[in-house]
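Report on the structure given below.
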Amino acid sequence: MLQQTRVQTVIDYYNRWMLKWPTLHHLAQASLEEVNEMWAGLGYYRRARFLLEGARMIVAGGDGFPKIVSSLLKVPGIGDYTAGAIASIAFKEVVPVVDGNVIRVLARLKAISANPKDKVTVKKFWKLAAQLVDPHRPGDFNQSLMELGATLCTPLNPSCSSCPVSGECRALAISKLDKLVLITDYPAKSIKLKQRHEFSAVCVVEISGRQDLIEGDQSNSVFLLVKRPDEGLLAGLWEFPSVMLGKEAALTRRRKEMNCFLKKSFRLDPQRTCSILLREDVGEFTHIFSHIRLKVYVELLIVHLKDDMSDLFSMRDGENTTWKCVDREALSSLGLTSGVRKVYTMVQKV
DNA sequence: CATACGTGGAG
DNA sequence: TCTCCAAGTAT
């Protein structure tokens with residue numbers, strides 16, 4: 001969970017996760033669906049899938065939990081950093097770790113100005129860290145190095161005056177001699193790749209209760225959710241029906257695309273299977289992914305089913321589309337991605 | 001190998 | 001609003 005994610009963000013997820021799956025064996029029994037739900041909102045969802053696959057692999061292997069770096073590296077989702085962290089912290093293997101914090105600390109300590117993403121430079125950091133690690137307390141040392149980066153040797157305003165190794169810091173020494181050099185010049189900034197712009201239309205489809213199907217309560221309605229493909233962005237997660245637009249599109253065009261999608265995937269057709277009680281343009285927002293800038297147009301559609309479409313209320317596979325309907329309560333308690341939560345919040349204000 | 005892969009807090 | 005980046009990994 002901590003990979004590329006702040007501790008503060010992780011804590012609640014970690015606690016809920018450990019409550020639900022206290023051991024590897026519990027996790028190995030879980031379904032990907034459950035795992036995705038628990039992870040929803042944390043991001044980098046492949047981590048969740050790998051965690052599940054890793055648990056299953058270890059349990060199936062029957063050799064217990066891997067305890068050395070070489071074995072840990074075979075587990076899905078465990079790379080150089082995580083293998084080193086587990087081996088040193090949990091099992092006292094004398095190995096280093098290199099994460100973003102360590103790179104920053106070492107780049108400053110040794111005044112390394114090369115691009116820290118560069119493969120050769122990364123190797124240099126690992127070698128340096130390996131030379132430094134305390135053979136008697138590798139886990140504590142590694143955590144100390146990371147903690148130094150997280151608390152004092154921070155990206156923007158490092159607290160050099162409180163730093164226990166400021167006397168040995170090359171970057172600090174250089175910055176004192178040359179006023180043009182700043183501590184924060186280390187490590188070098190790597191060129192960030194450009195975000196591509198994407199556009200999508202989302203339709204929150206609310207299927208209102210019918211007097212003849214649902215007794216009494218007219219407010220009893222359900223929402224249509226679609227399962228995203230198992231590969232790629234937000235793989236296997238639930239969202240409101242959406243279509244990618246390719247470029248900016250006016251309301252008319254967006255509705256046309258959406259109508260087509262709803263008809264094809266759900267046989268939701270105003271002329272035949274339902275009548276429209278409300279259709280409203282709710283607004284738009286931009287959702288930022290690490291590599292995509294997604295503009296989302298949101299619309300609310302409340303329909304009233306004509307025929308006996310009660311089978312609609314259980315999950316089923318449509319044409320290349322897995323979908324289900326959930327009621328308001330289920331929707332609130334369901335694990336949703338950040339973007340889907342935004343959409344739902346917007347619609348609730350209507 | 002360069003890139004895909006989320007989200008949110010801080011300044 | 002924009003930039004930066006966090007206990008990185010897989011392909």
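Basis for what follows: all heavy atoms, side chains included, without hydrogens, waters or symmetry-related copies. Proteins get letters first, then strands, A, B, ... in listed order; numbering begins at 1 in each.
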So, is A:H291 close to the B:dA4 phosphate, meaning a side-chain N or O under 4.0 Å from OP1 or OP2? no
Residue-phosphate contact under 4.0 Å: A:K119 side-chain N/O, B:dC1 OP1/OP2: yes
Send over the distance from A:R49 CZ to C:dA10 P, rounded to a whole Å. 11 Å
Less than 3.5 Å between a donor and an acceptor, one on the side chain of A:R46 and one on the base of B:dA4, is that the case here? yes
With a 4.5 Å limit on heavy-atom distance, are the side chains of A:F65 and A:F91 in contact? yes
Starting from C1' on C:dA6, measure out to CE on A:M1 and report it in whole angstrom. 16 Å
Can you check whether A:S338 has a side-chain N or O nearer than 4.0 Å to OP1 or OP2 of B:dG8? yes
Taking only side-chain N and O atoms of A:K192, does any of them lie within less than 4.0 angstrom of OP1 or OP2 on C:dT3? no
Looking at A:R228, I'd like to know whether one of its side-chain N or O atoms comes within less than 4.0 Å of OP1 or OP2 on B:dG6. no
If you check the A:V7 side chain, which of B:dG6, B:dG9, C:dA7 turns out closest? C:dA7
Side chains of A:L294 and A:S200: does their closest heavy-atom pair fall under 4.5 Å? yes
Using heavy-atom distances to pick each residue's nearest nucleotide on DNA chain C, tell me which of A:L2 and A:P76 is more 5'. A:L2
Figure out the NZ/P separation between A:K117 and B:dC1, and round it to whole Å. 14 Å
Just say parallel, tilted or perpendicular for the rings of A:H197 and A:F199, cut-offs at 30° and 60°. tilted
Taking OP1 and OP2 of B:dA4, is either one under 4.0 Å from a side-chain nitrogen or oxygen of A:Y44? no
Hey, which of these two, A:N157 or A:T9, hits DNA chain B nearer its 5' end, going by closest nucleotide? A:T9
Please tell me which of A:R196 and A:R341 maps to the more 5' nucleotide of DNA chain B, matching each residue to the nucleotide holding its nearest heavy atom. A:R196
Would you please say whether a donor-acceptor pair under 3.5 Å links the side chains of A:T337 and A:E239? no
Within 45° of the axis and under 6.0 Å from the centre of the six-membered ring of A:Y13, does NZ or CZ of A:R16 qualify? yes
Ranking C:dG8, B:dT7, B:dG9 by distance to the side chain of A:D99, first place goes to C:dG8
Please determine whether a side-chain nitrogen or oxygen atom of A:Q4 lies at a distance below 4.0 Å from atom OP1 or OP2 of C:dG8. yes
